[in-house]
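Keep in mind the model is a prediction, meaning the values are calculated, not measured. Letters A, B, ... mirror the listed sequences (proteins, then strands); counts begin at 1.
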Amino acid sequence: MLAADRSNRFDRLLEEAQTLTPADTREQIVTAIFQTSAALCRECVTHRHNVKRDRTEQIDRIVTSKRWGFPIMLALLAAVLYMTIAGANVFSDSLARLFGTVETYLTMAFQAIHAPDWLHGLIVLGLYRGTAAVVSVMLPPMAIFFPLFALLENYGYLPRVAFNMDRLFKKTGAHGKQSLTMAMGFGCNAAAIMSTRIIESPRERMLAILTNNFVPCNGRWPTLILLSSLFMAAGYTGGWNTLVTAAVVVAMVLFGIIVTLAVSWILSKTALRGIPTHYTLELPPYRRPKIMETIIRATLDKSLYVLKRAVTVAAPAAILTWVLGNVHVGDTTVLAYLADGLDPFAKVLGLDGYILLAFILGLPANEIVFPILLMGYLSAGALTEVDGLSSLKQILLDHGWTWLTALNMMLFSLLHYPCGTTLVNIYKETKSVKWTFVAFALPTAIAIMVTFATAQLARWLGLV
Amino acid sequence: MAERNDCPLSRMKQGDRFRIANIAIPDPVLRRRLLDLGFVPGGEIEVGQKSPLGDPTAYRVRGTTIALRKEESNYIYGERINND
Amino acid sequence: MTRTNYTIALMGNPNTGKSTLFNVLTGLRQHTGNWPGKTVIRAEGEFAHRGATYRIVDLPGTYSLYSNSADEEVARDFLLFERPDLTIVVVDATALERNLNLALQVLEITGRVIVAVNLMDEAKKKGILINSKKLENKLGVPVVPISARNKEGIDKLMNTVDAMVRGRIKTNPLSIQYSPEIEQAISKLMPNIRETVGDAYPARWIALRLLDGDTSLLAALKQPPQRDTKEEGAYACCGSVESI
């Protein structure tokens with residue numbers, strides 16, 4: 001049978017079917033199926049009532065209540081971050097010490113075989129040290145954050161977040177499910193871009209894609225945590241330090257959400273005009289997750305995956321940074337030369353040339369921004385070894401850091417362009433160079449404006 | 001049929017039971033989706049809690065909980081069931 | 001020679017523990033792939049049982065097969081055009097009525113179905129008792145109660161899969177009776193449909209879809225999608241958007 005002939009036959013069939021169709025066919029069909037299904041249940045299912053009041057209903061009565069809905073969301077976010085920060089501190093320090101010890105042995109081995117200095121520099125000081133920095137900064141928060149988040153996800157809490165936040169998103173013209181894609185963004189923006197597929201309307205999906213970056217991903221948590229604990233919570237010690245650090249990071253997340261809502265609202269009034277589409281949201285029953293399994297799966301699937309990506313990107317970037325920091329043009333290194341060039345502009349934003357350069361070199365992955373920055377600082381000055389947080393802070397202070405530098409680096413990290421992988425995914429999903437460019441330029445412009453504003457304001461008020 | 005008593009689902013209060021008479025949602029895709037979820041004429045619904053910001057509202061339908069916005073529940077007509 | 005390679009489709013409403021079952025069956029032998037031209041991520045995996053190997057495809061969680069969304073079209077097209085040897089419909093024991101809605105629709109397309117009633121443990125806690133033997137008799141296909149997260153009933157499920165693919169179980173799927181008006185229209189359309197599509201597709205179901213004016217199905221039938229070329233997913237960390 002020829003394709004065209006077959007096609008015609010189908011069309012005629014449909015025409016015939018339409019003449020036979022009563023007006024409410026769909027209702028009749030679905031009603032018949034549901035009646036069958038209800039009849040089956042009447043025969044095969046027995047309810048022993050009031051065995052136990054529905055636990056889900058009881059929990060929802062609190063978790064989605066007017067009084068407690070928002071405080072509980074905030075408290076859970078704070079608790080997850082607090083545990084991540086508190087746990088990561090312990091881990092990070094011991095990992096850094098371990099890597100430091102291994103480095104000493106590596107250096108000894110290189111000396112034993114009389115390897116040339118440049119080789120030792122490239123392999124140990126560049127490749128090894130850079131990668132080690134990424135692992136010791138990245139792995140601990142990931143290994144704690146991902147499993148905690150997976151537990152909340154598997155328990156069934158995320159749909160409640162969408163339920164609570166729905167009205168805000170509707171008001172800004174965005175899709176109610178955007179809060180779910182944002183939740184994915186906490187883990188990895190690149191993955192969250194794929195998850196926007198749950199939003200079927202192209203307009204709202206684009207909104208979700210363009211704003212997803214304002215949710216700090218796993219590559220940026222460590223930077224936010226590190227800087228807020230070193231500079232924002234500096235006056236506090238012990239448990240208070242962790243608490244203040246968590247509070248500052250929570251504030252950053254809230255600011256990111258506010259920017260998301262504001263940008264969604266502006267876009268849906270301008271470039272992406274339209275009204276939000278209707279949708280239905282199921283609130284599934286809470287189910288206690290298999291705790292060990294969830295933790296193992298989250299660690300295997302997510303932590304190791306993200307870590308692998310971080311390391312494969314970090315290794316070449318570390319080598320590149322080392323080379324740039326050791327190849328001389330005249331009497332300065334290429335790295336210093338580039339940083340000096342960026343410095344005037346960066347200063348206006350309350351940053352410095354090295355920070356901006358680290359963000360630029362860190363385009364492939366946010367995880368490597370901070371390690372690159374350290375390598376940049378270290379290659380410019382004396383090559384001290386970083387062991388522990390206090391020496392880290394000293395390096396930053398030596399390069400003229402103030403609380404404003406830290407705040408603006410955090411803000412820039414929160415708001416700036418998405419990482420390379422995310423941009424690639426945005427292109428794959430939108431198939432549009434134009435929108436991919438918007439996804440790059442829009443957050444960058446916002447990051448520049450916000451850091452400019454805070455820097456000017458702080459200076460004008462004489463705070464720094 | 002008690003057509004004259006029909007009122008929209010959005011007018012119901014928490015804890016009310018409701019029997020659907022008619023789903024008059026203009027968007028065909030959404031109408032189909034609601035049918036698939038069990039919002040069918042003759043079906044019963046129990047009204048659950050409102051979101052902290054007043055909308056959407058959760059509804060119990062056929063053993064599941066589905067949240068609908070006012071834009072949808074305004075178009076679902078039926079009557080309140082008074083017994084028990 | 002008997003076959004030793006089979007394809008199983010895994011279907012179900014969202015939040016029925018379908019992916020948990022998928023993980024239990026396949027362990028780490030799974031990967032995500034993209035459906036060509038569609039916007040849905042799907043997962044595939046393998047497992048072996050009694051000398052046969054099974055490719056199992058975790059279809060997106062859907063409420064129906066009525067082409068309201070890309071997910072539903074993917075699930076429908078897989079059943080129609082890839083014709084899996086077996087379809088496991090995972091239903092939630094705590095909300096059986098809504099879940100059977102999908103199972104009944106699948107039975108209209110194919111009789112090679114096993115209904116896995118998941119979350120039996122949850123149902124028990126809520127005081128819901130399900131007579132699965134009776135349900136099996138009514139539905140006309142095997143019904144296996146399981147608790148995927150506690151790994152209960154998995155052996156029985158695998159044995160039922162084995163018995164099904166080897167033809168040791170004959171099924172007689174329940175057929176839904178519609179209003180006389182619709183039934184009449186169906187019988188009018190059936191001969192023409194059979195003539196057009198042959199026995200390759202379920203004629204009664206297609207008649208119903210035509211009556212409903214399902215143009216998306218019509219488009220798919222006119223131009224059946226190409227067999228998928230496997231595309232390895234680069235994003236193992238995508239996580240379960242489905243839990244949403």
Side-chain heavy-atom pair A:D166, B:P56 within 4.5 angstrom cut-off: yes
Any donor-acceptor N/O pair, A:T64 side chain to B:S51 backbone, under 3.5 Å: no
Heavy-atom pair with the smallest gap, counting every atom of A:L283 and B:A58: CD1-CB, 4.0 Å
Heavy-atom proximity to chain B below 4.5 Å, by part of A:I33: neither
Are any of the side-chain heavy atoms of A:S65 and B:Q49 separated by less than 4.5 Å? yes
Any residues in residues 256-268 of chain A near chain B, with a heavy-atom distance under 4.5 Å, and which are they? none
Atom pair OG1/CG of A:T31 and B:L35 - distance to nearest 0.5 Å: 6.5 Å
Does the side chain of A:E282 reach to within under 4.5 Å of the side chain of B:T64, using non-hydrogen atoms? yes
Which answer fits B:L68, side chain, backbone, both or neither, if we ask what part of it has an atom under 4.5 Å from a heavy atom of chain A? side chain
Any side-chain heavy-atom pair from B:R31 and A:R26 closer than 4.5 angstrom? yes
Measure the spacing between CZ of A:F34 and CG of B:L37 and express it to the nearest 0.5 Å. 7.5 Å
Shorter than 4.5 Å, heavy atoms on both sides: which option in B:R33, B:R69, B:E72, B:K50 has the most such pairs with chain A? B:R69
A:M165 side, atom CE; B:L53 side, atom CG - distance, nearest 0.5 Å: 9.0 Å
Please confirm whether the backbone N or O of B:V40 pairs with a side-chain atom of A:E27, one donor and one acceptor, at under 3.5 Å? no
Interface moiety of B:L30 toward chain A, non-hydrogen atoms closer than 4.5 Å: side chain
Bottom line for B:L34: the part with an atom under 4.5 Å from chain A's heavy atoms is side chain
Please classify the contact of B:T57 with chain A as side chain, backbone, both or neither, using a heavy-atom distance under 4.5 Å. backbone
Side-chain heavy atoms of B:D55 within contact of A:K170, under 4.5 Å: yes
